[in-house]
**Student:** 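The structure's right below; bear with me while I get my questions together.
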Amino acid sequence: MTAAALPGHPPLATVVIPTYNDGDLLIGALERFKAQTWPNIEIVVADDGSAEPVEPRVRNWPGYDERITVVRRAVNGGVPAALQAGFERARGDYVHLSSTNDLVEPRFLETSIAALARHARAGMCFSDAGIVSDPGEEREPFPLHLARGETFFTPDAFAARLRSRPFHISSNTLVFRTSALRATGGSRPELELYADWFACLVTALRDGAVYVPRVMAYSRVHPGAYSGRPRPRAARVELAAAAIRAVAAEFPEVLPRLRRSDAVSDFGLPVLLGLLREPQARAVVGADTFWVTLVRAGWRGMLPRSGRRLLRRMVMRPKAA
């Protein structure tokens with residue numbers, strides 16, 4: 001249940017930060033979210049079975065206050081499991097699933113929540129991505145160029161936009177309406193690698209999404225990133241198939257939009273080929289999905305980031321009315 005805002009007070013926003021044996025990074029993340037300009041915030045730290053429990057360190061940190069709570073999992077279960085454990089404690093009307101590695105600008109929550117308030121139908125807000133290379137703190141913007149100003153995409157419009165000009169939403173730019181994220185099941189541990197993909201795509205294709213053309217959150221590129229860990233192809237195929245089966249079983253109204261969007265092209269060619277053996281998964285894989293997949297692979301594999309930024313600006317930017 002979310003906490004109802006008192007009259008004259010802004011709604012509560014919840015930030016969930018998973019942590020596993022990275023106490024120094026956690027303190028940095030806490031500092032960044034305490035510095036947010038949104039005035040009503042709670043921070044839920046989800047300790048994913050760290051060798052040394054993080055709660056004593058958090059409570060002894062000079063910046064600790066009653067807005068911060070810690071929930072601890074008995075055993076390490078991975079990022080989605082930790083996020084889900086924290087999300088289950090969320091009381092806010094809005095929620096951001098974060099990371100100890102990523103950086104956010106001080107107005108990130110305020111800007112995203114204000115956009116959601118202006119677009120009451122939207123289940124989530126997303127914005128342009130940025131990258132921080134490790135080591136170092138140099139920030140590199142990577143804008144999507146989806147619109148010139150704040151834009152609400154209905155579910156059908158989101159599917160059409162994703163199909164016509166494929167783009168990837170960086171999960172660290174997302175702020176969800178809590179009720180919308182609860183409807184998807186939150187950060188579903190059983191989907192592992194594709195838990196954030198599922199939550200994002202189902203929300204956008206079910207409720208719509210509002211886009212803010214501004215870089216406010218940066219992903220850190222580092223060797224230990226959860227999404228970058230090697231996984232056998234068979235395991236990735238099964239997880240992708242499980243995500244599609246869940247859409248078909250729980251959100252049948254979303255399935256046609258998922259097919260039209262070609263969103264499964266984000267899985268990559270090896271996974272798509274494996275999905276052809278899954279009847280339900282095959283239903284959302286069209287011939288053009290493979291073409292989009294090849295374009296994505298070429299885009300990522302052949303062009304440097306600077307070249308991709310320039311080409312995206314030329315191709316994606318909408319024409320002036």
Side-chain angles (χ1 to χ4, degrees), residues 1-4 11-20 29 33 41-49 68-102 104 108-109 112-113 116 121-126 155 158 169-210 217 226-227 238-255 258 263 266:
M1 295 291 290
T2 58
L12 179 66
T14 300
V15 174
V16 179
I17 306 176
T19 182
Y20 176 65
F33 281 104
I41 183 174
E42 67 170 3
I43 303 171
V44 181
V45 175
D47 182 359
D48 193 23
I68 303 171
T69 60
V70 180
V71 56
R72 176 172 167 85
R73 286 175 45 83
V75 295
N76 178 252
V79 173
L83 286 171
Q84 185 69 351
F87 179 54
E88 289 171 357
R89 295 288 189 94
R91 299 180 302 118
D93 295 285
Y94 304 97
V95 63
H96 170 60
L97 305 181
S98 189
S99 163
T100 54
N101 279 290
D102 298 336
V104 290
F108 168 66
L109 287 176
S112 302
I113 292 170
L116 284 167
R121 294 169 55 197
M124 70 182 203
C125 177
F126 69 103
F158 185 88
I169 296 177
S170 186
S171 61
N172 69 315
T173 73
L174 292 169
V175 174
F176 290 94
R177 209 176 296 277
T178 303
S179 57
L181 185 57
R182 288 200 194 284
T184 72
S187 176
R188 298 169 68 142
E190 73 274 15
L191 299 181
E192 295 184 18
L193 176 64
Y194 300 119
D196 58 349
W197 179 91
F198 182 90
C200 173
L201 265 295
V202 169
T203 300
L205 295 173
R206 179 177 180 267
D207 302 309
V210 59
Y226 179 78
S227 60
E238 176 50 37
L239 290 171
I244 295 171
R245 288 194 296 267
V247 174
E250 301 171 38
F251 308 98
E253 74 281 11
V254 167
L255 203 62
L258 183 62
D266 213 12

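FYI, the numbering just counts along the sequence from 1.
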**Student:** From D93 CG over to L12 CG, what is the distance, rounded to the nearest 0.5 angstrom?
**Tutor:**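 Nearest 0.5 Å value for the CG-CG distance: 7.0 Å.
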
**Student:** Which value, rounded to the nearest 0.5 Å, describes the distance between T178 atom OG1 and R91 atom CZ?
**Tutor:**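 One finds 11.5 Å between OG1 of T178 and CZ of R91.
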
**Student:** Please tabulate, one pair per line, all N/O donor-acceptor pairs under 3.5 Å involving side-chain atoms of residues 244-252, not counting sequence neighbours.
**Tutor:**
| residue | atom | partner | partner atom | Å |
| --- | --- | --- | --- | --- |
| R245 | NH1 | E278 | OE1 | 3.1 |
| R245 | NH2 | E238 | OE2 | 2.6 |
| E250 | OE1 | R188 | NH1 | 2.9 |
| E250 | OE2 | R188 | NH2 | 2.7 |

**Student:** Got a second to check how far F87's CZ is from F176's CZ, nearest 0.5 Å?
**Tutor:**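 It is 8.5 Å, given to the nearest 0.5 Å.
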
**Student:** Quick one: pull up SG in C200 and CG in L174 and give me the separation to the nearest 0.5 Å.
**Tutor:**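 Reported to 0.5 Å precision, the distance equals 5.0 Å.
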
**Student:** Is the shortest heavy-atom distance from the side chain of L181 to the side chain of L97 under 4.5 Å?
**Tutor:**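 Yes, at least one pair of side-chain atoms sits under 4.5 Å.
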
**Student:** Restricting to non-hydrogen atoms, name the atom on A263 and the atom on W197 that form the minimum distance, rounded to 0.1 Å.
**Tutor:**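 It is O-NE1, 3.8 Å.
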
**Student:** With sequence neighbours excluded, what pairs up with C125 under the side-chain contact (heavy atoms from CB on, under 4.5 Å) test?
**Tutor:**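 side-chain contact (heavy atoms from CB on, under 4.5 Å) list for C125, sorted by chain: S112, A115, L116, V210, V212.
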
**Student:** If the condition is side chain to side chain donor-acceptor pair (under 3.5 Å), which residues does T14 pass it with, not counting sequence neighbours?
**Tutor:**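 T14: side chain to side chain donor-acceptor pair (under 3.5 Å) contacts with E42.
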
**Student:** Checking A240 now: which residues fulfil side-chain contact (heavy atoms from CB on, under 4.5 Å) with it, not counting sequence neighbours?
**Tutor:**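 Counting only residues at least two positions away or on another chain, A240 forms a side-chain contact (heavy atoms from CB on, under 4.5 Å) with Y194, F267, V271, L275.
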
**Student:** Measure the spacing between CZ of F158 and OG1 of T203 and express it to the nearest 0.5 Å.
**Tutor:**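 If we round to the nearest 0.5 Å, F158:CZ and T203:OG1 are 10.0 Å apart.
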
**Student:** Strictly distance-based, threshold 3.5 Å: is any side-chain N or O of D48 a donor or acceptor partner for the main-chain N or O of G77?
**Tutor:**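 Yes, D48 side chain to G77 backbone: donor-acceptor pair under 3.5 Å.
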
**Student:** Report the residues that fulfil side chain to side chain donor-acceptor pair (under 3.5 Å) with T19, sequence neighbours left out, ordered by chain and then residue number.
**Tutor:**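 Testing T19 for side chain to side chain donor-acceptor pair (under 3.5 Å), a comparison that skips the adjacent residues, returns D22.
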
**Student:** Once side-chain contact (heavy atoms from CB on, under 4.5 Å) is applied, do any residues pair with P155, and if so which ones, sequence neighbours excluded?
**Tutor:**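 For P155, the residues satisfying side-chain contact (heavy atoms from CB on, under 4.5 Å) (neighbours in sequence not counted) are R257.
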
**Student:** If you compare all heavy atoms of P189 against all heavy atoms of A81, which two are closest, and at what distance to 0.1 Å?
**Tutor:**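 P189 and A81 have their closest heavy atoms at CG-CA, 3.8 Å.
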
**Student:** Which residues pass the ring pair (Phe, Tyr, Trp, His ring centres under 6.0 Å) test with F198, not counting sequence neighbours?
**Tutor:**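 Counting only residues at least two positions away or on another chain, F198 forms no ring pair (Phe, Tyr, Trp, His ring centres under 6.0 Å).
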
**Student:** Applying side-chain contact (heavy atoms from CB on, under 4.5 Å) to S99 and N172, what does each step give before you reach the verdict?
**Tutor:** CA-CA 8 Å; S99 163; N172 69 315; over 6 Å; no

**Student:** Please give me the minimum heavy-atom distance between A122 and R177, naming the atom from each residue.
**Tutor:**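 Heavy atoms only, the tightest pair is O-NE, 2.8 Å.
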
**Student:** Check the surroundings of atom CZ in R89: do more than 12 heavy atoms from other residues, nucleotides or ligands lie under 6.0 Å from it?
**Tutor:**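 No.
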
**Student:** Rounded to the nearest 0.5 Å, what separates atom CZ in F33 from atom CD1 in I43?
**Tutor:**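 It is 7.5 Å, given to the nearest 0.5 Å.
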
**Student:** Name all residues meeting the ring pair (Phe, Tyr, Trp, His ring centres under 6.0 Å) criterion together with F108; count only those two or more places apart in sequence or in a different chain, and write none if there are none.
**Tutor:**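 Partners of F108 by the ring pair (Phe, Tyr, Trp, His ring centres under 6.0 Å) criterion, ordered by chain and then number, come out as H96.
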
**Student:** What salt bridge (Lys or Arg N to Asp or Glu O under 4.0 Å) pairs are there with at least one residue in residues 196-210, not counting sequence neighbours?
**Tutor:**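 Non-adjacent pairs meeting salt bridge (Lys or Arg N to Asp or Glu O under 4.0 Å): R206-E253.
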
**Student:** Are I17 and T100 close enough that some pair of their side-chain heavy atoms sits under 4.5 Å apart?
**Tutor:**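 Yes. Closest side-chain heavy atoms under 4.5 Å.
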
**Student:** Are side-chain heavy atoms of I113 and P11 found at a separation under 4.5 Å?
**Tutor:**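 No, too far: nothing below the 4.5 Å cut-off.
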
